[in-house]
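Before any comments, here is the structure.
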Amino acid sequence: MPVLIERYRRWLEIPSDVVPYSIGEGSTPLVHWQTWGQSRVWLKLEGTNPTGSFKDRGMTVAVSMARHQNAKAVICASTGNTAASAAAYAGRAGLPAFVVMPEGQVAPPKMVQAAAHGAQLIAVQGNFDHALTAVRQTAATESWIALVNSVNPWRIRGQETAAYEIVDELGGVPQLLALPVGNAGNISAYFQGFRRYTRQSPEFLGVQAQGADPLVQNRFMDEVATIASAIRIGHPASADTARIAVKESHGQFLSVDDTAILSAQRELARGGIFVEPASAAAYAGLLKRQNLSVLPAGDIVVVLTGAGLKDTDTPLRWASITATPSHASTLLTTITTMLDEALD
Ligand code: F0G
């Protein structure tokens, strides 16, 4: 596959002399998961992007544009995935990256990624919303620093490409699209993407975590709490466009609690698809939607935004490890006993 920017250059409308900085993003699998009655459920595996989340689609465009516009550095606020992606693409483009994260609230593997790619890590007190306010103010006064959060329109343009891919693969727009909503950039990108590419859009199911669900409550929240740290956000920057996407597509926002998120994460993982809690929220939301009203016939896509290894705390608790001596005969006895128990 050509690099993402080349694959969809015409649709991205970036200047022809922009040099793409790529690490192999996009062209992610759309896996048929199950068929429920008249509905075919597909999973878009965005965790297979190079840094393990959908952020890479937007970041390749935002960082390439930053470089084109002679920025000297990039900066972002992040619950972790944007930080990892910004760090990787800045590294690729030879730019320093400053990643600002809410102290103690980011899953450690995401910090490992940002550090490995050479970013400067800055921890701020408060939550993501405080971090974003601080970096927006900094970038507004310092024109040499490019802000690469999803308030940067090039991030959104890049993320639109996921919608293009779905249309290319299914041969049209799905009936329903479920995705997790935090800062609300991604739902805005999908909406714009489907509209730009086809003039149509699926019904949007914007899923938030209970405890961090300002779009469901219809009020911004200063205190936020959920196990899904990636979407622990009370003041989504793109709230207005997200509301338009849901309204115009006759969709809805709904929230799912931590128990439902973890159960969805486990169900997907047992079926071979390991995603982080924020991504599992989208699937939990679809299950909830199914209980509320009949799902549309046709194609349903669940966007699984980030890989399971991004946040390993909870799955580690699922593990049970049996110790046994290494003789083949003892091992076989252990396996036979375990198999009997499993089949019981
Ligand atoms: N899923 C994952 C895995 C995320 O990391 C995020 C956002 C979302 C869903 C929600 O996307 O914000 O566009 O509505 N993560 C951001 C970050 C906030 O800093 O990595 P959104």
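Note that ligands are numbered from 1 as they come in the structure, with each ligand's atoms numbered from 1 the same way. Quick note: residue numbers are just sequence positions, from 1.
Formation of a donor-acceptor pair under 3.5 Å by the Arg157 side chain with backbone atoms of Trp11 is found in this model.
Those atoms of ligand 1 with a heavy atom of Asn81 less than 4.0 angstrom away are 2 (C), 3 (C), 4 (C), 5 (O), 20 (O). Applying the 4.0 Å criterion to heavy atoms of Phe54 picks out, from ligand 1, the atoms 1 (N), 2 (C), 4 (C), 6 (C), 8 (C), 9 (C), 11 (O). Residue Asn183 has at least one heavy-atom neighbour below 4.0 Å for each of these atoms of ligand 1: 12 (O), 14 (O), 21 (P). Near Val181, the atoms of ligand 1 lying under 4.0 angstrom from a non-hydrogen atom of the residue are 14 (O). For ligand 1, the atoms sitting less than 4.0 Å from at least one non-hydrogen atom of Thr79 are 15 (N), 16 (C), 17 (C), 18 (C), 19 (O), 20 (O), numbered in the order shown with element in parentheses. In the vicinity of Gly185, heavy-atom distances shorter than 4.0 Å reach the ligand 1 atoms 13 (O), 14 (O), 21 (P).
Residue contacts with ligand 1: Thr82 is placed with a nitrogen or oxygen under 3.5 Å of a nitrogen or oxygen of the ligand (distance criterion only). Considering backbone and side-chain atoms together, Ser78 places an N or O closer than 3.5 Å to an N or O of ligand 1. Annotation: Asn186 places an N or O atom under 3.5 Å from an N or O atom of ligand 1; distance criterion only. On a distance-only criterion, Ile231 and ligand 1 share no N/O pair closer than 3.5 Å.
Counting heavy atoms from C-beta outward, Leu286 and Leu176 have side chains that approach closer than 4.5 Å. You'll find the side chain of Ile14 stays beyond 4.5 Å of the side chain of Ser64, heavy atoms only. Proximity of Pro236 to Val181: side-chain heavy atoms (C-beta onward) are nowhere separated by under 4.5 Å.
Heavy-atom neighbours of Glu223 CD from other residues, nucleotides or ligands within 6.0 Å: at or below the threshold of 12. Crowding of Arg92 atom CZ: a count of heavy atoms from other residues, nucleotides or ligands under 6.0 Å not exceeding 12.
Given atom 1 (N) of ligand 1, the protein heavy atom at minimum distance is Thr305 OG1, 2.7 Å.
Using 4.0 Å as the threshold, Pro180 has a heavy atom nearer than that to some atom of ligand 1. At a 4.0 Å cut-off, at least one heavy atom of Ile233 sits close enough to ligand 1 to count as contact. In this structure, Lys55 is part of the shell of residues with a heavy atom less than 4.0 angstrom from ligand 1. Between Ala184 and ligand 1 there is a heavy-atom distance shorter than 4.0 Å.
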- Message: Apply ring pair (Phe, Tyr, Trp, His ring centres under 6.0 Å) to residues Tyr164 and Tyr197 and explain how you reach the verdict.
- Response: CA-CA 6 Å; Tyr164 309 164; Tyr197 210 53; 4.5 Å; yes
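Counted by atom type alone, Glu46 and Thr305 present zero donor-acceptor pairs between their side chains at under 3.5 Å. A side-chain donor-acceptor contact under 3.5 Å links Tyr89 and Glu25. Looking at Arg7 and Ser27, their side chains do bring a donor and an acceptor atom within 3.5 Å of each other.
When heavy-atom distances to ligand 1 are checked against a 4.0 Å cut-off, Lys310 has no atom that comes that close, whether in backbone or side chain.
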